[in-house]
A.B. asks: 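Attaching a single structure in structure tokens format; questions to follow.
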Amino acid sequence: MTDRFDHAAIDARWQRRWEEERVAYVDTAAAGEKFYMLNMFPYPSASRLHVGHGRNYILGDALYRRERMAGRTVLNPMGWDAFGLPAENAAIASGVHPREYTLGNIARMKVQLKSLGLLYDWSKELASCDPGYYRWNQWLFLRMWERDLAYRKKAPVNWCPGCRTVLANEQVIEGRCERSGDPVEIRDLTQWFFRITGHAERLLAGLEDLDWPDRVKTMQRNWIGRSEGAEILFQVEGLPEPVPVFTTRPDTLYGATFLALAPEHPAAATLARMSPKKEEIQVFIERVRRESRLEREAEGGEKEGLDTGFASVNPATGEKIPVWLANFVLPEYGTGAIMGVPAHDQRDFEFARRFDLEIRPVYRTKERELDPAVMTQAMPHVGYLYRSGDWDGTPNGPEAVRKAIAWVEAKGVGKGTVGYRLRDWLISRQRYWGTPIPAIHCEGCGVVPVPERDLPVLLPEDVAFQGAEGNPLEKSQAFLRVDCPSCGKPARRETDTMDTFVDSSWYYLRFLNPDDSARMLDSARAAHWMPVDQYVGGIEHAILHLLYARFVCRVLKDMGLVGIEEPFARLFNQGLITKLNAATGKVEKMSKSRGNTVSPDELIERYGADTVRLYTLFIGPPEKESEWSEEGVIGAYRFLNRVHELCARVATLPGSDAPARDTPLARLEHRTIARVTADAARFHFHTAVAALMEFQRSLAEALEEGREDAAVLRRATLTLVKLLHPIAPHLTDEWWERFGEKKPLIECSWPAFDEELATTPRVTLVVQVNGRVRGRLDVERGTSEQEALTLARCDERIVPWLEGRELARSVFVADRLLNLVVR
RNA sequence: GCCGUCGUGGUGGAAUUGGUAGACACGUACGUUUGAGGGGCGUAUGGGGCAACCCAUGCCGGUUCGAGUCCGGCCGACGGCACCA
């Protein structure tokens, strides 16, 4: 064959055609059946995309093309998550303005995406660093402020010294900054928050009906961390108000032998002021506060504590118990105070042992009562309550908890309540490259919102990055100086910018009206297009982005702007691409920092975009992690070459208008359509490719042996081309056209299959004797049990197994198997 | 510790609802084609055995005519949460 597979020319030609013909354009104002397909928008970083990133987009594109061919109107937009620290760090390092840096990266990434043959409706393109976009962040912020969903408070917050900014809890992984890896410090700062905690219950409830991977739902549930329990009030001598504690085990109240406060607890400072050992207490408070979060939360870490010298009263026993400060009590969780039940809680036990506090068991079993003197660890709640007044004899379980809650409520010393691990979303960042928070600080009026007519609050362009310490916005007089919108006197602008996760919490809505300068979003279009039908992205966003987006969508719903509260109906997380490290023999995640990335650019040059796409989809089930191999790429390339050659040969066959007949190849064709259609529906393109490989081989064989007539061969080849299109769009569009078709394949319909033809007329019936395969019968589909039995009894392979034995029963599964049970 | 996911050839992986374990591909071997090739094509390829057959889906047990698939118990890997009261 002289007609070589010139992938470079074919790739270029079709990428140009698709763009010129705007095949991905969608009029979002038009009605009709819709499908909203979305890949998580990328951060435009300086490093080039590697094939690990590529998986996400290639899978999305294959799904997109498949949905289009299924006849749906599919919106598939793309944009840029363009604010963020890396751009600013690059500015500090090189002097290039973050905007310039970011726009340059966007341009390069766009070229790369296009070179893979990915189709997006670029007419909807947006970038979060565009004032036309971020002004709506500011608008949203003002609306949330009005509703008390955005607020400012002084609180101990996570500070990353490397990034020189505060972080949200979600961005702290095991005490370290998720971006830089620096240990996070706790600082007391006044910061802006979004009140996501008020939505904890709704965010939890909404997970139930989502078609999302279980692991993501579980991660969100863990993060929200709901636990039922009770708040119980403890009177403390010298304090006018009782101190509430949160516990999930109010049933152990009789065993509470001390009260412990987080050193940050307001009552701790109050007690210190009144105490004769004031100094000592204050030193302790300061010391614990300075501990890094990493040390403080390390499990099994030494428990630090200090007796305040004040006493509280156990509301159940009426006995006096000491009030301690303890480093293991965290200020943010529950009420920042606990009742210590050393007998049944391991932390409390360790604390009590260390400081010689009373250990009083309140659960025992029939056989055994705990002896505090010899206990080496806290005992789980087993058996039944004793030494617990009226609750004595109640077995461990929900009933005991209910009894305790009823009791404290009746006595007016507490109530049943629910605790959450989730904390409010800290959105302030002390950095330049983000959305300015639209607030103004006035000496007379306090913190005043920027009036809507003054939006957007633009980032000043002429700021110095190099050599500057801290937030460049604090040095920009032009930015800082502003008149108070309330009293008109000189005031100062807020210099915090927003967490970039605010940008990404609603971008999926903005694709519907990206250039709208009059409003944040178009409710009518949102009503039609939302929710996103298929969202595709990495598991790394399982908590952060996805939780924030679900929260903001609810806020927008409550504001009447959208009708739904779950933005993403279906979610798919592609698995990582890994690579074998030849030196260590270990399989590692592909990443720039490991230096083991494979660039799609070189592979595209060598083998073409279709090869990279096909191999990426063939590598394994898309939800699991898969190992990249160079040899595998060659296998994909070989297959495409074979397809090319097959098409070239079939194209030279004499034309025929004869109707395609019911032949073995036609039957295989229909079976292949059925398989590929089913596989694509569950994103299993790797098995779809396997089916297409088998189909190609049979086609080539039939052609070689002259078994089928031209009409059948031609139609089967066209079917192969169509089915392969979502996976290898360039080559298939090329041949589709060479076969005389006018429209690009994405605008053509997906082939249908005939149930009748998709089933083979003959089947292999497995014959088992006592459950073990002993023979196979080639029979007509629909053969009855009686017929099969007769055939099996004459089969020379089966006969020896039946000799001298009695047939007890037979199990028959039509067209599959016959199992003879003999004795 | 709690929660979740997963253990199949030399390798990546197939196997809707329990019904032929190893599709498809890589690698390897042999053959073939070419002036040559990290090339194309073909055949073979889980282990054992001359063979009939036997063994084999992390390990042990169970349910079933029949288990990679379901149940129980271990072992191991990965991920999430975790001094969260």
Side-chain angles (χ1 to χ4, degrees), chain A residues 1 173-174 213-225 227 229 245-250 252 260 262 296-303 326-330 332-341 344-348 350-351 380 419-423 539 542-543 576 578 580 615 618-621 623-636 638-639 641-642 645 675 678-679 681-682 684 686-694 697 700 704 764-776 797 800 808-813 815-822:
Chain A
M1 275 295 133
I173 311 295
E174 289 177 354
D214 283 336
R215 61 175 170 162
V216 176
K217 294 209 249 184
T218 304
M219 280 162 75
Q220 293 220 350
R221 276 190 204 103
N222 283 348
W223 188 259
I224 294 167
S227 48
V245 307
F246 177 71
T247 175
T248 55
R249 301 299 307 224
T252 61
R296 174 107 175 242
E297 293 188 356
E299 192 176 3
E302 194 67 36
K303 291 195 170 35
N327 68 340
F328 74 93
V329 183
L330 305 174
E332 314 92 338
Y333 187 76
T335 60
I338 61 153
M339 60 179 208
V341 185
H344 303 292
D345 181 284
Q346 186 59 24
R347 293 155 302 181
D348 298 350
E350 286 167 22
F351 192 77
Y420 298 93
R421 214 189 69 94
L422 182 70
R423 289 170 220 156
I539 187 75
I543 296 172
L576 285 177
T578 57
L580 182 74
Y615 178 64
F618 186 57
I619 193 168
E623 68 278 9
K624 280 173 63 177
E625 69 173 46
S626 306
E627 193 185 318
W628 188 268
S629 101
E630 201 69 35
E631 292 80 13
V633 178
I634 293 166
R638 281 184 199 144
F639 170 64
N641 270 287
R642 286 197 291 267
E645 189 172 324
R675 276 175 73 184
D679 288 344
R682 44 184 197 136
H684 280 201
H686 62 307
T687 49
V689 170
L692 291 171
M693 284 172 165
E694 289 177 53
R697 190 187 307 167
E704 190 66 37
T764 303
L765 196 68
V766 171
V767 182
Q768 297 182 334
V769 178
N770 287 345
R772 311 213 56 164
V773 179
R774 297 302 179 193
R776 295 178 174 82
R797 302 224 324 138
R809 59 180 283 211
S810 68
V811 179
F812 182 70
V813 181
D815 302 329
R816 293 216 117 154
L817 129 163
L818 174 69
N819 186 14
L820 305 171
V821 185
V822 298

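Chain identifiers are assigned alphabetically (A, B, ...) following the order of the sequence lines, protein sequences preceding nucleic acid strands; residue numbering begins at 1 within each chain.
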A.B. asks: So does R347(A) get a side-chain nitrogen or oxygen closer than 4.0 Å to the phosphate oxygens (OP1/OP2) of rC84(B)?
C.D. replies: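 The answer is yes; a side-chain N or O of R347(A) sits under 4.0 Å from OP1 or OP2.
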A.B. asks: Between H686(A) and rC24(B), is there a contact of a side-chain N or O with OP1 or OP2 at under 4.0 Å?
C.D. replies: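 False: H686(A) side-chain N/O out of range (4.0 Å or more) of rC24(B) OP1/OP2.
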A.B. asks: Write down the distance separating the C1' atoms in rC71(B) and rU64(B), rounded off to the nearest Å.
C.D. replies: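 Their C1' atoms lie roughly 12 Å apart.
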A.B. asks: Looking at every strand, decide which applies to E625(A) at a 4.0 Å heavy-atom threshold: base, sugar-phosphate, or nothing.
C.D. replies: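 Sugar-phosphate contact only.
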A.B. asks: What does V813(A) touch in the nucleic acid at a heavy-atom separation under 4.0 angstrom: a base, only the sugar-phosphate, or nothing?
C.D. replies: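 Since a base atom lies under 4.0 Å of V813(A), the category is base.
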A.B. asks: Heavy atoms under 4.0 Å, any strand shown: does P621(A) hit a base, just sugar-phosphate, or nothing?
C.D. replies: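 Sugar-phosphate, backbone atoms only, no base.
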A.B. asks: Is R774(A) close enough to rA52(B) that one of its side-chain N or O atoms is under 4.0 Å from OP1 or OP2 there?
C.D. replies: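 The answer is no; no side-chain N or O of R774(A) sits under 4.0 Å from OP1 or OP2.
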A.B. asks: I'd like the P distance from rG80(B) over to rG47(B), given in whole Å.
C.D. replies: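 So the two P atoms sit 38 Å from each other.
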A.B. asks: How would you label the contact of V811(A) with the nucleic acid (heavy atoms, under 4.0 Å): base, sugar-phosphate, or nothing?
C.D. replies: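 Base contact.
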A.B. asks: What distance, rounded to whole Å, do you find between the two C1' atoms, one in rG40(B) and one in rC50(B)?
C.D. replies: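 Taking atom C1' in both rG40(B) and rC50(B), they lie 38 Å apart.
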A.B. asks: Measure distances between side-chain N and O atoms of Q768(A) and base N and O atoms of rG19(B), and say whether any donor-acceptor pair falls under 3.5 Å.
C.D. replies: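 Donor-acceptor pair under 3.5 Å: yes.
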A.B. asks: Students often get this wrong, so: under 4.0 angstrom with heavy atoms, is G635(A) touching a base, only sugar-phosphate, or nothing?
C.D. replies: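 Answer is sugar-phosphate: G635(A) comes under 4.0 Å of backbone atoms only.
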A.B. asks: Can you find a donor-acceptor pair, distance only, under 3.5 Å between N819(A) side chain and rC65(B) base?
C.D. replies: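 Under the 3.5 Å cut-off, the side chain and the base do form a donor-acceptor pair.
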A.B. asks: Any side-chain N or O of R697(A) under 4.0 Å from OP1/OP2 of rA25(B)?
C.D. replies: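 True: R697(A) side-chain N/O within range (under 4.0 Å) of rA25(B) OP1/OP2.
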A.B. asks: Assign S629(A) to base, sugar-phosphate, or nothing according to its heavy-atom contacts below 4.0 angstrom with the strands shown.
C.D. replies: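 The residue S629(A) makes no contact with any strand.
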A.B. asks: Give, for atom CD1 of I634(A) and atom CG of N641(A), the distance between the pair rounded to the nearest 0.5 Å.
C.D. replies: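 Here the interatomic distance stands at 11.5 Å.
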A.B. asks: Apply the syn/anti split at 90° from 0 to rG66(B) and say which one it is.
C.D. replies: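 Nucleotide rG66(B) adopts anti.
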A.B. asks: Determine the contact category for F618(A): base if any of its heavy atoms lies under 4.0 Å from a base atom, sugar-phosphate if only primed atoms, P, OP1 or OP2 are that close, otherwise nothing.
C.D. replies: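 Base contact - F618(A) has a heavy atom under 4.0 Å of at least one base atom.
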A.B. asks: Which whole-number value in Å describes the distance from W223(A) CH2 to rG4(B) C1'?
C.D. replies: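 Distance, rounded to whole Å: 17 Å.
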A.B. asks: Rounded off to whole Å, could you give me the CE-to-P distance for the M339(A) and rC84(B) pair?
C.D. replies: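 Checked: the CE to P distance equals 15 Å.
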A.B. asks: Give me the distance, rounded to whole Å, that separates rU57(B) from rU20(B) when you measure between the P atoms they each carry.
C.D. replies: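 Each nucleotide's P atom is 16 Å from the other's.
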A.B. asks: Is there a side-chain polar atom (N or O) of R215(A) under 4.0 Å from OP1 or OP2 of rU5(B)?
C.D. replies: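 For rU5(B), OP1/OP2 do not have a side-chain N/O of R215(A) under 4.0 Å.
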A.B. asks: Would you give the length of the straight line joining atom CG of N819(A) to atom CZ of F812(A), rounded to the nearest 0.5 angstrom?
C.D. replies: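 Rounded to the nearest 0.5 Å, the CG-CZ separation comes out at 12.0 Å.
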A.B. asks: Reckon R772(A) has a side-chain N or O less than 4.0 Å from the OP1 or OP2 of rC55(B)?
C.D. replies: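 R772(A) to rC55(B) OP1/OP2: side-chain N or O found under 4.0 Å.
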A.B. asks: Just to be sure I understand the rule, does I619(A) reach a base, reach only the sugar-phosphate, or reach nothing, if contact means heavy atoms closer than 4.0 Å?
C.D. replies: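 Counting heavy atoms under 4.0 Å across all strands, the contact made by I619(A) is with sugar-phosphate only.
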A.B. asks: Calculate the interatomic distance between D679(A) atom CG and rA15(B) atom C1'; express it in whole Å.
C.D. replies: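 Going from D679(A) (CG) to rA15(B) (C1'), I get 12 Å.
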A.B. asks: Measure distances between side-chain N and O atoms of K303(A) and base N and O atoms of rC83(B), and say whether any donor-acceptor pair falls under 3.5 Å.
C.D. replies: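 Side chain to base: pair present.
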A.B. asks: Which part of the nucleic acid does V245(A) contact within heavy-atom distance under 4.0 Å: base, sugar-phosphate only, or nothing?
C.D. replies: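 Answer is nothing: V245(A) stays at 4.0 Å or more from every strand.
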A.B. asks: Measure from the side-chain heavy atoms of R638(A) and tell me the nearest of rG39(B), rC81(B), rA85(B).
C.D. replies: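 From the listed options, rG39(B) comes nearest.
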A.B. asks: How about R221(A): does its CZ atom have over 12 heavy atoms from other parts shown lying under 6.0 Å from it?
C.D. replies: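 Yes, enclosed.
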A.B. asks: When we call it a touch if two heavy atoms are under 4.0 Å apart, what does D214(A) touch: a base, just sugar-phosphate, or nothing?
C.D. replies: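 Nothing: the residue D214(A), judged by heavy atoms under 4.0 Å, touches no strand.
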A.B. asks: Nearest whole Å is fine: how far is rU11(B) P from I634(A) CD1?
C.D. replies: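 Rounded to whole Å, this separation is 20 Å.
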A.B. asks: Is R675(A) paired with E694(A) through a side-chain N to carboxylate O contact shorter than 4.0 Å?
C.D. replies: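 Looking at R675(A) together with E694(A), the answer is yes, because their closest N to O distance falls below 4.0 Å.
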A.B. asks: Measure from NZ or CZ of K303(A) to the centre of the six-membered ring of F351(A), then state whether that distance is under 6.0 Å and the direction lies within 45° of the axis.
C.D. replies: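 Judged by the rule, K303(A) and F351(A) form no cation-pi pair.
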